[in-house]
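Some notes on the structure that comes next.
Proteins get letters first, then strands, A, B, ... in listed order; numbering begins at 1 in each.
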Number of protein chains: 2
Amino acid sequence: MNIGEASARSGVSAKMIRYYESIGLIEAPSRTAAQYRVYADDDVHTLRFVRRARDLGFSLEETRELLALWHDRSRASADVKKLAMAHIRDLEAKAAELQAMADTLRHLAAHCHGDHRPDCPILSDFATQPLLAEKA
Amino acid sequence: MNIGEASARSGVSAKMIRYYESIGLIEAPSRTAAQYRVYADDDVHTLRFVRRARDLGFSLEETRELLALWHDRSRASADVKKLAMAHIRDLEAKAAELQAMADTLRHLAAHCHGDHRPDCPILSDFATQPLLAEKA
DNA sequence: CTTGACCTTCCCATGATGGGAAGCCCCATA
DNA sequence: TATGGGGCTTCCCATCATGGGAAGGTCAAG
C-alpha cells in the first residue's frame with residue numbers, strides 16, 4: 001500500500017511517517033520504480049504503536065526506546081515497567097504543575113471584582129510578586 | 001542599568017529581554033553611545049510582570065494582552081478576569097489531559113508483572129489498541 | 001595598557017508538526 | 001489516446017520560547 005493508505009490506517013500523517021523514517025524511528029520501506037514508498041501490514045502495526053505511544057505523551061526518543069523493547073523478545077517486563085513508571089511520574093508532575101498555576105490564578109481571580117471598575121488584584125500581583133523559585 | 005543587571009533583577013535572561021524587545025512585547029530602551037541598552041527601574045517592573053505571567057503559563061501573545069490591560073487604566077476589571085478565567089480553563093484542561101494519560105499508563109502498568117519474564121501488557125496494548133479519538 | 005567581564009549582532013538548534021511549492025506518476029473517464 | 005485530478009516525491013519554511021555560541025566592540029579595575 002502507498003503512504004496515504006498507511007496513514008489512514010495508522011492515524012499517523014503522511015508527513016510524520018516520512019519524518020519518522022528520516023530520523024530513523026521507523027525503517028525505510030521498499031519503493032516502487034517510481035520511488036513511491038510501499039508499506040506492508042506490519043508497518044501499519046508499527047505506526048499504530050508509535051501513534052499510541054505519542055498519544056500517551058511519550059517523546060519520540062522515549063518511543064524509540066519503547067520500540068526497541070517491543071522488538072526485543074528477551075528483555076524483562078521489568079524494563080518496560082520501569083520506563084512506564086518513570087513516564088507516569090513525569091506526566092503527573094507536569095499535571096500538578098499546571099494545576100498549581102491554575103490554582104494560583106483562581107485565587108487571584110477570586111479577589112477581582114470583575115465589574116466595570118479598573119481595580120484588579122490579578123495584574124497588581126503580576127507587577128509586584130517576588131520571583132518564583134527558578135525552575136530546575 | 002545595563003541588560004545584565006536588569007536581567008538579574010527581573011529574573012528574565014538577557015537573551016529573552018532582547019527577544020521580547022525584537023517582537024515588540026516590551027519597548028526598546030535608550031542606548032549609550034556604545035549601543036549598550038540602558039534600563040530604568042520601571043523597565044525591571046515590566047520585565048517582572050512578564051516573568052510572572054510566563055510563570056503562570058500565559059503565552060507571549062497572552063502576556064502581550066495582559067500588558068496592554070495593565071497599562072490601560074480605563075479598562076474594566078471584568079476584562080482582566082475574563083482573560084484569567086479562560087486561561088484557568090486551558091490550564092486545567094491540559095492538566096486533566098496529562099493526568100488521564102498517566103491514569104491510562106498506570107492502569108496498564110498495574111497488569112505488568114515487572115519481573116524477569118518478557119510478557120508485558122503495556123507494549124501489547126500499544127501495538128493493538130484502536131486509535132484514540134482524533135484531537136481537536 | 002592589559003585583562004577579563006560585559007555588551008552587541010547574527011546564526012543555529014531544539015521538538016513535533018503543518019503548510020506549501022514544484023514536479024513526477026497513475027488511473028479513470030471522455 | 002489524451003486529459004484531468006489526485007496522489008506521490010523532495011525541499012524549504014513556520015511555529016513557540018528559549019538557549020548556545022561565535023565574532024567583535026566596550027568598559028573598569030589593576
- Item | Of B:Leu60, B:Val12, B:Ile26, the residue whose pairing with B:Tyr19 passes side chain to side chain contact (heavy atoms under 4.5 Å, CB included) |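 Answer to the side chain to side chain contact (heavy atoms under 4.5 Å, CB included) test with B:Tyr19 among B:Leu60, B:Val12, B:Ile26: B:Leu60.
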- Does the pair B:Glu61/B:Arg64 count as a salt bridge with the N-to-O cut at 4.0 Å?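 Looking at B:Arg64 together with B:Glu61, the answer is yes, because their closest N to O distance falls below 4.0 Å.
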- Answer yes when B:Asp55 and B:Arg51 have at least one side-chain N-carboxylate O distance shorter than 4.0 Å, and no when they do not. yes
- Contact state string [nucleotides 4-9 of chain D, B base, S sugar-phosphate only, - no protein heavy atom under 4.0 Å]: ---BSB
- Message: At under 4.0 Å between heavy atoms, how does the protein contact nucleotides 10-23 of chain C? Give one character per nucleotide, 5' to 3', with B, S or -.
- Response: B-----SBSBB---
- Query: Quick one: side-chain hydrogen bond (donor to acceptor under 3.5 Å, both in side chains) partners of B:Thr32, sequence neighbours excluded?
  - Reply: none
- Message: Ring-plane angle category for A:Phe49 and B:Phe126, please: parallel below 30°, perpendicular beyond 60°, tilted otherwise.
- Response: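 Plane angle over 60°, so perpendicular.
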- Message: According to side-chain contact (heavy atoms from CB on, under 4.5 Å), who are the partners of A:His113, at least two apart in sequence or on a separate chain?
- Response: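 Result, side-chain contact (heavy atoms from CB on, under 4.5 Å) vs A:His113: A:Asp115, A:Arg117, B:Ser77.
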- For B:His111, all residues meeting side-chain contact (heavy atoms from CB on, under 4.5 Å), sequence neighbours excluded: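 Scan of B:His111 (side-chain contact (heavy atoms from CB on, under 4.5 Å), adjacent residues dropped) gives B:His107, B:Pro121.
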- Would you mind telling me which of B:Glu27, B:Glu21, B:Glu5 makes a salt bridge (Lys or Arg N to Asp or Glu O under 4.0 Å) with B:Arg37? B:Glu21
- Between C:dC6 atom P and B:Ile17 atom CD1, what is the distance in whole Å? 14 Å
- Side chains of A:Tyr39 and A:Ile17: closer than 4.5 Å at any heavy-atom pair?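 Side-chain contact under 4.5 Å: yes.
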- Bend angle of the helix from C:dC1-D:dG30 to C:dA30-D:dT1, from helix axes over five pairs at each end, nearest 10°: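 Answer rounded to 10°: the end axes differ by 30°.
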- Query: Does B:Arg31 CZ have over 12 foreign heavy atoms under 6.0 Å away?
  - Reply: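 Yes, because the 6.0 Å sphere around CZ of B:Arg31 holds more than 12 heavy atoms from other groups.
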